[in-house]
Amino acid sequence: MTAAIIFVLLTVLMLTGMPVSISLGLTVLTFLFFFTDVPLESVALKLFTGIEKFEIMAIPFFVLAGNFLTHGGVARRMIDFATAMVGHLRGGLGISSVFACALFAAVSGSSPATVVAIGSIMIPAMMKAGYPKPFGAGAVASAGGLGVLIPPSIVMVMYAVSTNSSIGALFMAGVIPGLLCAFMLGFTTWWVARKGDFPREPKRSFADVWVAFRRAIWGLALIIVVMGGIYSGMFTPTEAAAMSAMYAFFIAIFVYKDLKLSDVPKVLLNSANMSAMLLYIITNAVLFSFILTNEQIPQGIAQWIMDSGMGMIGFLIAVNILLLVLGSFMEPSSVILITAPILFPIAMTLGIDPIHFGIMITVNMEIGLITPPVGLNLYVASGISKLGLTAMAKAVWPWLVTMLVFLMLITYVPIISTGLPTALGMM
């Protein structure tokens with residue numbers, strides 16, 4: 001009954017169109033005031049302690065780094081390198097878009113930023129080269145989801161904060177799945193292009209590829225700065241985020257010189273707005289987790305699942321269905337912060353590895369970004385391509401099917417996620 005009251009309150013508030021963060025906070029306050037003896041003063045304490053974690057500082061720094069890279073010309077140079085590498089294949093510009101999204105995802109940590117940075121250049125370029133508009137928009141919107149899977153990933157930081165998991169291990173666990181997903185999306189792009197007999201670019205010489213690589217090297221080096229620094233123990237993931245922000249500022253201003261010093265205040269303000277929104281969601285989600293734990297709801301659900309004999313396989317199927325549905329209506333950070341405190345204890349009870357479980361949840365969030373009615377990447381790509389939301393939903397269909405197959409692989413072959421961090425001694 002307690003769980004029903006809490007979730008009915010939350011659902012009703014969200015159905016009014018109220019932001020998720022405020023819905024969470026009001027649910028907590030209403031429940032505490034009317035149904036418990038917990039003093040409301042504890043709310044203020046929890047709001048403060050909820051973000052009093054060193055790991056959370058990684059979020060604003062990764063947001064800032066992504067904004068510097070988006071405005072600093074890094075995306076254009078990565079696109080040139082990607083096109084030089086694979087542009088000669090059938091549907092080469094589409095495959096280049098997927099490759100470029102993977103590269104930019106590895107330095108930005110944000111899916112919408114990846115779609116904006118790559119899509120604003122590649123979608124018009126593909127239309128000019130004779131590709132159908134839905135093909136270009138669908139490829140970029142789908143591959144942009146790599147921004148939450150390929151580390152550094154803000155969504156992974158959210159999961160780690162919610163479950164006290166290792167951010168470093170999660171980042172390493174995302175490398176192989178990220179590369180595999182990029183390959184599968186690239187193959188789907190080639191297959192669709194081959195069926196439609198889409199054009200291809202002239203084959204570039206090795207010298208051209210080398211020149212494109214040299215121009216992109218400063219941006220690509222950020223991958224080494226972040227991942228190499230974390231694995232070597234030189235700095236923590238939070239310190240890596242701070243380093244990436246400083247590095248992104250340096251190359252955007254002093255190396256590529258695409259960003260003027262006069263533009264920096266605007267970038268800082270945009271980053272502060274985004275960070276404040278994410279941190280506000282986190283604080284309210286921490287409050288929500290507090291009342292769930294206080295009322296023993298996760299433990300009760302876990303016991304019910306154990307008694308019902310659902311088992312690990314049944315639980316994973318149920319979690320995937322739940323997350324796919326929620327991801328269609330809510331943005332990834334909110335879904336993770338609401339569901340992780342409930343699902344994580346159950347997964348641990350069933351013996352599921354926490355890192356594998358985190359990657360599985362992340363892939364679900366990646367799929368949610370291109371699933372109507374609230375798939376964020378659909379809206380971003382729609383704004384760039386001027387396609388309607390219905391047309392965008394149809395455009396991403398081949399890649400959506402591919403990502404659902406990929407989700408099954410990640411769910412039931414844990415070694416894809418856990419192999420690299422285990423080999424590096426991080427698990």
Side-chain angles (χ1 to χ4, degrees), residues 79 86 89-102 104-105 110-149 181-200 320-332 335 363-410:
I79 288 170
V86 297
L89 300 174
R90 179 65 64 188
L93 287 182
I95 302 173
S96 300
S97 300
V98 175
F99 185 21
C101 283
F104 195 79
S110 169
S111 179
T114 302
V115 177
V116 169
I118 306 301
S120 59
I121 298 172
M122 290 304 292
I123 292 176
M126 281 189 272
M127 290 168 57
K128 186 177 179 180
Y131 290 80
K133 186 189 292 186
F135 172 81
V140 173
S142 305
L146 293 168
V148 304
L149 180 59
C181 185
F183 172 79
M184 290 176 68
L185 291 174
F187 179 82
T188 302
T189 305
W190 171 82
W191 181 76
V192 173
R194 182 171 173 271
K195 281 188 65 179
D197 196 27
F198 297 160
R200 65 175 82 193
N320 279 333
I321 294 172
L322 172 66
L323 294 177
L324 288 173
V325 172
L326 291 178
S328 300
F329 294 93
M330 299 164 62
E331 58 95 21
V335 176
V363 174
N364 274 284
M365 298 303 96
E366 180 184 11
I367 294 172
L369 289 167
I370 58 168
T371 308
V374 192
L376 185 57
N377 283 9
L378 296 182
Y379 284 95
V380 176
S382 174
I384 296 171
S385 65
K386 308 303 179 188
L387 281 174
L389 187 62
T390 303
M392 276 302 310
K394 293 178 180 177
V396 299
W397 178 248
W399 295 273
L400 179 58
V401 172
T402 300
M403 291 172 74
L404 290 172
V405 172
F406 174 69
L407 174 61
M408 293 299 101
L409 281 174
I410 292 298

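Note: hydrogens, waters and symmetry copies are ignored here, and every other heavy atom, side chains too, is used.
- Every residue two or more places apart in sequence or in another chain that forms a side chain to side chain contact (heavy atoms under 4.5 Å, CB included) with Thr114 is listed here: Cys101, Phe104, Ala105, Ser108, Ile118.
- Taking Ile121 as the reference, Arg76, Ile79 meet the side chain to side chain contact (heavy atoms under 4.5 Å, CB included) condition, with sequence neighbours excluded.
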Should Cys181 and Glu366 be marked as a side-chain contact (heavy atoms from CB on, under 4.5 Å) after you check the CA-CA gap, both sets of side-chain angles, and the distance that decides it?
CA-CA 11 Å; Cys181 185; Glu366 180 184 11; 3.5 Å; yes
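- Closest of all the heavy-atom pairs between Leu378 and Thr371 is CD1-C, 4.0 Å.
- Here the closest heavy-atom approach between residue Gly119 and residue Pro124 is recorded as O-CD, 3.4 Å.
- The shortest non-hydrogen separation linking Pro332 to Leu369 is CG-CD2, 3.8 Å.
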Donor-acceptor contacts under 3.5 Å from residues 125-144 side chains, at least two apart:
from, atom 1, to, atom 2, distance (Å)
Tyr131, OH, Gly92, N, 3.3
Tyr131, OH, Leu93, N, 3.3
Tyr131, OH, Pro199, O, 2.7
Lys133, NZ, Ser385, O, 3.2
Ser142, OG, Gly138, O, 2.7

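- Evaluation of the ring-ring contact (aromatic ring centres under 6.0 Å, His included) rule for Phe187 yields Trp190 as partners, not counting sequence neighbours.
- Arg200 pairs by the salt bridge (charged side-chain N to carboxylate O under 4.0 Å, His left out) definition with nothing, not counting sequence neighbours.
- The CG atom of Asn364 lies 5.5 Å from the CD1 atom of Ile367; values are rounded to the nearest 0.5 Å.
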Hey, can you pull the donor-acceptor pairs under 3.5 Å for the side chains in residues 392-409, sequence neighbours left out?
from, atom 1, to, atom 2, distance (Å)
Trp399, NE1, Thr189, OG1, 2.9
Thr402, OG1, Thr188, OG1, 2.7
Thr402, OG1, Pro398, O, 3.0

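- For the residue pair Ser111 and Gly145, the shortest heavy atom distance occurs at OG-CA, 3.6 Å.
- Contact record, Ile384 with Ser120: CD1-N, 3.8 Å, taken as the closest heavy-atom pair.
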